[in-house]
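The residues of the chain are indexed from 1 along the displayed sequence. What you see below is based on every heavy atom in this structure, not just the backbone, and it leaves out hydrogens, waters and symmetry mates.
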Amino acid sequence: MTTRTGGELIQDFLATYDIPFVFGNPGTTETTFLAAVAASKATYVLSLHESSAVGIAAGYALITGKPSIVSLHTYPGLANGMFNMRNALMSGVPLLVINGQQDSRFLIHNPVLGAPNVQLAQTATKYAYEVTRTDDLAVALQRCYLHARLQPTGPVFLSIPMNFMLEETGHTTFKKTRIVEDVVPHSIGEVADTLKAVPAGRLAIVADYAVGAAHGIDAISRIASALGADIYAAPFHVQGTVDPLHPNFRGQLPPTTKAINEALGRYHTMLLIGEKVDSFTYDGLQALPPELQVIQIAPAASQLGFDFPCDMAVLGDIQATLDALATALGADRVPVARTVDEAALDAKYPASGPHASDALILAVLRHLDRSTHVITEGSSEDAIVQDMAVSLGFRNVHFSPRGGGLGWALPLGVGIGLASGKHAACFVGDGGSLFSIHALWTAAKYAIPSIFICFVNNEYRLLKDLWCNVMGTTIATTHFVGLDFSDPDVDMRKIAEGFGARVETIDAAASVGDVLARALAHQGPSFLIINREP
């Protein structure tokens with residue numbers, strides 16, 4: 001009987017599934033796993049912190065649509081990567097996170113670094129398992145990789161005792177699995193008839209992240225035109241979900257429950273495509289009006305009617321179902337896009353006045369190709385960047401982070417750059433950037449094209465705004481605790497340079513073109529600073 005060591009099984013697994021990269025930050029319990037990767041054809045992409053390793057892997061998976069492999073240290077390393085694993089879980093991003101457990105012959109003694117990894121990982125993954133025998137390793141690897149890809153896609157966790165990499169087994173079979181998932185409901189005509197019966201002007205289509213992941217944007221455009229429906233992007237939609245220049249596009253739904261209720265209260269029916277209408281804060285009303293007729297299309301049964309009751313729950317592959325629905329409606333062409341109102345943007349974001357640096361943000365976006373992936377973090381400028389990018393017609397706008405943890409945007413931009421070979425544009429605040437600033441080093445080491453625009457105000461301005469909204473006060477009259485990082489100021493230029501990034505300051509709209517030309521010519525990270533008004 002042919003036998004293989006656990007390490008050789010790792011090499012076979014990587015080769016079988018054509019996995020080019022393993023993203024990670026190592027520890028003592030990963031040494032045997034690292035030795036296996038070193039002997040494979042895969043490249044180990046090193047990050048200086050586990051949160052960046054997970055975030056970069058997520059960006060790569062977001063573009064490729066395939067699970068990224070992440071290697072984390074046992075319990076402490078896993079804990080450091082958890083918040084970005086949670087972001088990936090809430091965003092439907094497929095990952096296989098592997099960590100090394102202590103030697104299985106040693107666990108009875110509760111050794112240092114021996115810990116309940118599966119129990120910890122369960123809060124941020126769709127499935128978590130620890131291998132108990134080398135004989136089970138091949139099955140466990142295939143199971144976890146497959147289930148990361150199955151709907152709803154998301155991170156899966158596998159803990160492997162480090163001694164299993166050196167032990168031999170005769171259980172060595174790997175099969176490359178082809179998933180057949182182009183499922184369309186047999187009764188799609190009934191869905192079409194229900195939608196056609198909605199009174200004119202009373203139908204809203206809300207698209208969540210699954211639409212972008214399934215490349216269903218054009219089908220939504222056709223359906224909306226055929227039905228005369230308004231189109232909204234769901235809050236916290238993670239990736240582009242709609243054509244922002246479609247004449248029926250009405251913007252992103254607001255993030256608070258009362259505002260969502262007011263927006264949807266004008267409609268008779270909502271066609272929700274994807275997982276949910278997400279929200280950030282509760283302010284007195286549930287998000288969906290109880291009288292609203294809800295028709296939901298989702299690729300996973302577990303997502304249907306989960307947050308709110310549905311009048312019609314439609315299970316099917318998003319792209320195939322949308323195409324079939326468009327055909328049933330007789331929607332056979334994409335409508336002409338509306339033009340960008342440049343004058344309105346200039347009037348909304350003037351180059352002088354109390355918020356003059358807004359015009360610098362607008363200038364940056366205007367100099368970028370509209371196919372550029374634009375990533376935003378939860379900074380005080382987030383709504384501004386979102387509004388500008390959508391108004392200018394950027395399709396690939398990623399709202400971060402759906403799981404709530406900052407430190408997702410920078411590594412996501414690095415991973416997108418690695419997967420696409422093109423510069424992504426990541427907009428972050430100085431405070432938020434510090435959660436994963438080490439992602440710059442990985443971009444520099446592996447010459448990954450990436451651009452980061454950092455807003456510097458030496459404070460957690462978004463939290464100040466939220467504080468004042470909740471307490472009914474103003475920034476000028478409020479004594480804040482723990483929301484300033486000044487005296488001394490945090491020197492973002494030195495920090496970014498220390499991690500290997502090119503750094504420039506944008507202080508005039510006339511210089512933006514030259515600054516971006518240099519950034520786009522650089523095969524590595526460029527860190528561009530915009531100083532914000534107090």
Side-chain angles (χ1 to χ4, degrees), residues 49 51 55 80 82-84 86-87 235-236 252 254-260 278-284 348-350 352-362 375-388 399-411 426-440 452-496 498 503 505-507 527-534:
H49 193 274
S51 63
N80 281 341
M82 282 286 290
F83 73 89
N84 269 342
R86 176 73 178 177
N87 284 333
F236 303 95
Q252 177 180 297
T256 60
T257 58
K258 183 179 179 181
I260 295 172
D278 214 343
S279 55
F280 180 51
T281 56
Y282 177 79
D283 51 1
K348 190 173 184 179
Y349 302 105
S352 60
H355 304 290
S357 63
D358 287 357
L360 299 180
I361 305 173
L362 181 58
I375 306 139
T376 66
E377 189 83 274
S379 71
S380 51
E381 289 77 17
D382 187 80
I384 296 172
V385 177
Q386 288 276 330
D387 179 57
M388 292 176 179
F399 183 93
S400 304
R402 189 177 175 107
L406 296 181
W408 166 259
L410 269 80
C426 176
F427 293 82
V428 293
D430 49 357
S433 73
L434 295 174
F435 288 90
S436 57
I437 194 71
H438 21 65
L440 295 176
F452 305 93
I453 299 92
C454 183
F455 308 115
V456 173
N457 54 19
N458 296 298
E459 62 183 355
Y460 295 124
R461 180 55 183 257
L462 178 62
L463 296 182
K464 288 185 177 181
D465 291 336
L466 290 172
W467 179 325
C468 292
N469 287 338
V470 172
M471 302 304 295
T473 60
T474 66
I475 287 180
T477 60
T478 303
H479 171 62
F480 296 103
V481 175
L483 300 186
D484 294 281
F485 38 99
S486 54
D487 193 23
D489 292 346
V490 175
D491 193 329
M492 296 305 302
R493 172 177 286 275
K494 289 182 179 178
I495 291 172
V503 182
T505 298
I506 297 175
D507 51 19
F527 195 82
L528 311 179
I529 294 172
I530 295 179
N531 290 301
R532 294 288 282 167
E533 297 82 5

Trainee: For a quick test of reading the model, state the closest non-hydrogen atom pair linking A496 to V503 and the distance between them.
Mentor: CB-CG2, 3.7 Å
Trainee: Between I529 and F455, is the side chain to side chain contact (heavy atoms under 4.5 Å, CB included) condition met? List the steps.
Mentor: CA-CA 6 Å; I529 294 172; F455 308 115; over 6 Å; no
Trainee: Step through it carefully: locate the ring centre of Y460, locate the ring centre of F485, and say whether they are under 6.0 Å apart.
Mentor: yes
Trainee: Can T256 and T281 be counted as having a side-chain donor-acceptor contact under 3.5 angstrom?
Mentor: no
Trainee: Please find the pair of heavy atoms, one from M492 and one from C454, that lie closest to each other, and give the distance.
Mentor: CE-SG, 4.2 Å
Trainee: Under 4.0 Å between a Lys/Arg side-chain N and an Asp/Glu carboxylate O for D430 and R532?
Mentor: no
Trainee: Output the distance between atom CZ (F435) and atom CG (L406), rounded to the nearest 0.5 Å.
Mentor: 5.0 Å
Trainee: Would you say the side chain of V428 lies within less than 4.5 Å of the side chain of L410, judging by non-hydrogen atoms?
Mentor: yes
Trainee: Any chance you could measure E377, atom CD, to S433, atom OG, to the nearest 0.5 Å?
Mentor: 9.0 Å
Trainee: Report the distance from atom CZ of R402 to atom CG of N87, rounding to the nearest 0.5 Å.
Mentor: 10.5 Å
Trainee: Using a 4.5 Å cut-off on heavy atoms from C-beta on, say whether the side chain of V490 contacts that of L434.
Mentor: yes
Trainee: Where is the tightest heavy-atom contact between S380 and D465, given as atom of each residue plus distance?
Mentor: CB-OD2, 4.3 Å
Trainee: Using side-chain heavy atoms (C-beta onward) and a distance below 4.5 Å, is T478 in contact with M471?
Mentor: no
Trainee: For I495 and I437, run side chain to side chain contact (heavy atoms under 4.5 Å, CB included): C-alpha distance rounded to whole Å, both residues' side-chain angles, the deciding distance at 0.1 Å, then the answer.
Mentor: CA-CA 8 Å; I495 291 172; I437 194 71; 3.8 Å; yes
Trainee: About how many Å separate CG of N469 and CG of L466, when rounded to the nearest 0.5 Å?
Mentor: 6.5 Å
Trainee: Assess the residue pair I506 and N531 against the criterion (side chain to side chain contact (heavy atoms under 4.5 Å, CB included)); give the C-alpha distance rounded to whole Å, side-chain angles, the decisive distance to 0.1 Å, and a yes or no.
Mentor: CA-CA 8 Å; I506 297 175; N531 290 301; over 6 Å; no
Trainee: Evaluate side chain to side chain donor-acceptor pair (under 3.5 Å) for T257 paired with S279, printing each intermediate quantity in order.
Mentor: CA-CA 6 Å; T257 58; S279 55; over 6 Å; no
Trainee: Do side-chain atoms of D283 reach the backbone of K258 as a donor and acceptor pair under 3.5 angstrom?
Mentor: yes
Trainee: Under the side chain to side chain contact (heavy atoms under 4.5 Å, CB included) rule, what do E381 and F427 come out as? Steps first, then yes or no, please.
Mentor: CA-CA 8 Å; E381 289 77 17; F427 293 82; over 6 Å; no
Trainee: Measure the shortest side-chain to side-chain distance between D382 and L462 over non-hydrogen atoms and say whether it is less than 4.5 angstrom.
Mentor: no
Trainee: Enter the distance from W467:CH2 to H479:NE2 here, rounded to the nearest 0.5 Å.
Mentor: 7.5 Å
Trainee: On a heavy-atom basis, which atom in P254 and which in I260 lie closest, and how many Å separate them?
Mentor: O-CG1, 3.0 Å
Trainee: Looking at every heavy atom in both P411 and S51, which two are closest together, and how far apart are they?
Mentor: CG-O, 4.4 Å
Trainee: Quick one: pull up OG in S436 and CZ in F83 and give me the separation to the nearest 0.5 Å.
Mentor: 6.5 Å
Trainee: Against I530, only a single residue in D507, N457, L360, D358 fulfils side chain to side chain contact (heavy atoms under 4.5 Å, CB included); can you say which?
Mentor: L360
Trainee: Would you call the rings of F527 and F452 parallel, tilted or perpendicular if under 30° counts as parallel and over 60° as perpendicular?
Mentor: tilted
Trainee: Check whether the side chains of E459 and S486 place a donor and an acceptor atom closer than 3.5 Å, and report yes or no.
Mentor: no
Trainee: Evaluate the ring planes of F280 and F236, with Trp represented by its six-membered ring, and classify them as parallel (under 30°), tilted (30 to 60°) or perpendicular (over 60°).
Mentor: tilted
Trainee: For S379 and R461, which I'm curious about, is there any donor-acceptor pair between the side chains at under 3.5 Å?
Mentor: no
